[in-house]
There are 2 protein chains.
Amino acid sequence: MTPQRLMIVEAVENSTNHIGADEIYSEVVAKYPNVNVSTVYRTLELLEQLGLVTKTDLGGGRVVYHPVDKGHHHHLVCKECGATIDLDESVLSSLKDSLLRQYQFVADLRHLGIQGVCVNCRQHASQKPAESK
Amino acid sequence: MTPQRLMIVEAVENSTNHIGADEIYSEVVAKYPNVNVSTVYRTLELLEQLGLVTKTDLGGGRVVYHPVDKGHHHHLVCKECGATIDLDESVLSSLKDSLLRQYQFVADLRHLGIQGVCVNCRQHASQKPAESK
DNA sequence: TAAAATTCTGCGAATATTTGCAACAACAAG
DNA sequence: CTTGTTGTTGCAAATATTCGCAGAATTTTA
């Protein structure tokens, strides 16, 4: 356990909710200017393999990390407005069961990002002219 | 509809199953050496928005495209051996329904890549020394 | 403690993908 | 036929992430 690893772990643990690799990097660099981005990525990969943090792709290049010990949950990501809605783990448990029964496949559904369209955007779909695209 | 777009569409349609951006690019360049990668990506993004093709992240940097008119299905991707198991759409329909009922969220579950561990790797987990990592 | 082995890191290069921008083609208006 | 408008492309640069490699740090061994 090296000082840089310690700080990376700290940064992830201290994050209120989710944190991106770039934010972790900035945070660590502030205290220890010599650390390299590679180290951040390597450590995050390590932590993920050890089952300590989850990595979630929220789409649109937004990849965030979350400490496992702070609870599992998922995200509904709206493709229109970009909002993310937290989702309880239970909603996916039946899917996980089905996959296990029907395919003997142990799905890793600990922290998903599911793309779609939220209520708000669906209702305003007709009125709204276009996106900030 | 420009010639380059036409060829990109062709490449996707002609692919037996799935095809990556790099493969599409190579295929198109073979006939029309001037096309640029950007054009490929831009066209694929366009096709995706038009609902003509799906883009699926199989994990590990493998992103593949698939024409919508060739049927919806999903993939179970084994993190150990990298195998992908095709999955019928129906398995996810109940999840989609739940999300719609409970969250009024229209999930885009047309072509997912679900990470996990397949039967094979689960059984051999203890024997297998390590991966090709 | 010194030499050897192992692990981790920083750096720079490679990869995949996206973006800004200026040139270009198609097409409508005059 | 010239001009203007719009949409598409090629190129080069930016971004995010990964990878190889050599040097540092750490541990092991004697």
To the nearest angstrom, the CG-P distance between A:L47 and C:dC8 comes to 12 Å
note: B:R42, atom CZ; C:dT17, atom C1'; distance rounded to Å ~ 12 Å
**Request:** State whether A:R5 places a side-chain N or O below 4.0 Å from either non-bridging phosphate oxygen (OP1 or OP2) of C:dC8.
**Result:** yes
Separation of C:dT17 atom P from B:D57 atom CG, nearest Å, is 9 Å
Under 4.0 angstrom, heavy atoms only, what part of the nucleic acid is B:V35 near: base, sugar-phosphate, or nothing?
-> sugar-phosphate
Rounded to whole Å, the OH-P distance (A:Y25 to D:dT18) equals 15 Å
From CG of A:L6 across to C1' of C:dC8 the rounded distance in Å is 15 Å
Does some side-chain heavy atom of B:E27 sit less than 4.5 Å from a side-chain heavy atom of B:E10?
-> no
Heavy atoms of B:K96 and B:L109 approach each other most closely as CB-CD1, 4.0 Å
When rounded to whole Å, the CD to C1' distance for the pair B:Q4 and C:dA26 reads 13 Å
Whole-Å distance, A:E23 CD to D:dT17 P, equals 11 Å
* Indicate yes or no: at least one non-hydrogen side-chain atom of B:D69 is less than 4.5 angstrom from one of B:E13. => yes
By nearest-nucleotide position on DNA chain D, the 5'-leaning member of B:V37 and A:D22 is B:V37
| According to a strict under-4.0 Å criterion, is A:N36 in side-chain N/O contact with OP1 or OP2 of C:dC11? | yes
Quick note, B:Y41 side chain, CB onward, closest among D:dG10, C:dT18, C:dC11 is C:dT18
Mind checking if B:T2 touches a base, just sugar-phosphate, or nothing, with heavy atoms under 4.0 Å? sugar-phosphate
Kindly assign one of parallel, tilted or perpendicular to the pair B:H18 and B:H111, based on the angle between their ring planes and the thresholds 30° and 60°. tilted
Review point. B:T39 side chain N/O closer than 4.0 Å to the phosphate oxygens (OP1, OP2) of D:dG10?
Key: yes
Among C:dG10, D:dC11, D:dT17, the one nearest any side-chain atom of B:S38 is D:dC11
From CE of B:M1 across to P of C:dA25 the rounded distance in Å is 19 Å
| query | Using 4.0 Å as the upper bound for N to carboxylate O, is an ion pair formed by B:D57 and B:K55? | reply | no
